[in-house]
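Data block below; observations after.
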Amino acid sequence: MKQHKIDRINELARKHKTEGLSEEEHAEREALRREYIDSVKASLHAALSNTYIMDEKGNKTPLKKKK
């Protein structure tokens with residue numbers, strides 16, 4: 001996610017605390033927050049898919065998805 005979008009999320013959060021948001025700003029804030037959450041989840045998924053556990057014998061096994 002680009003830094004200017006993160007800055008906009010923070011700007012809207014500050015405005016929400018002080019004076020409130022209009023309907024358009026509230027919708028924009030929710031869309032930006034969802035985009036941010038999705039990007040963090042994708043980044044975490046990519047990092048975990050490249051993580052391996054090494055046993056005592058030196059064998060690497062990838063992490064398995066927990067049910």
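- Distance check: Lys2 NZ to Ser39 OG gives 12.0 Å after rounding to the nearest 0.5 Å.
- Looking at residues two or more places apart in sequence or on another chain, you find no side chain to side chain contact (heavy atoms under 4.5 Å, CB included) involving His45.
- Every pair passing side-chain hydrogen bond (donor to acceptor under 3.5 Å, both in side chains) that includes a residue from residues 10-19 is listed here, sequence neighbours excluded: Arg8-Glu11, Lys15-Glu25.
- Here Ile9 pairs with Met1, Leu32, Arg33, Tyr36 under the side chain to side chain contact (heavy atoms under 4.5 Å, CB included) rule; sequence neighbours left out.
- Residues passing the side chain to side chain contact (heavy atoms under 4.5 Å, CB included) test with Asn59 are Asp55, Lys57, sequence neighbours excluded.
- Evaluation of the side chain to side chain contact (heavy atoms under 4.5 Å, CB included) rule for Lys60 yields Tyr52, Met54 as partners, not counting sequence neighbours.
- Between Arg29 atom CZ and Ser22 atom OG the span is 12.0 Å, to the nearest 0.5 Å.
- Linking ILVMFWY side-chain heavy atoms closer than 4.5 Å, directly or via other members, places Leu48 and Ile53 in a single hydrophobic cluster.
- Residues forming a side-chain hydrogen bond (donor to acceptor under 3.5 Å, both in side chains) with Asp7 (at least two apart in sequence, or on another chain): Gln3.
- The hydrophobic clustering, which links ILVMFWY residues whose side-chain heavy atoms are closer than 4.5 Å, places Ile6 and Leu21 together.
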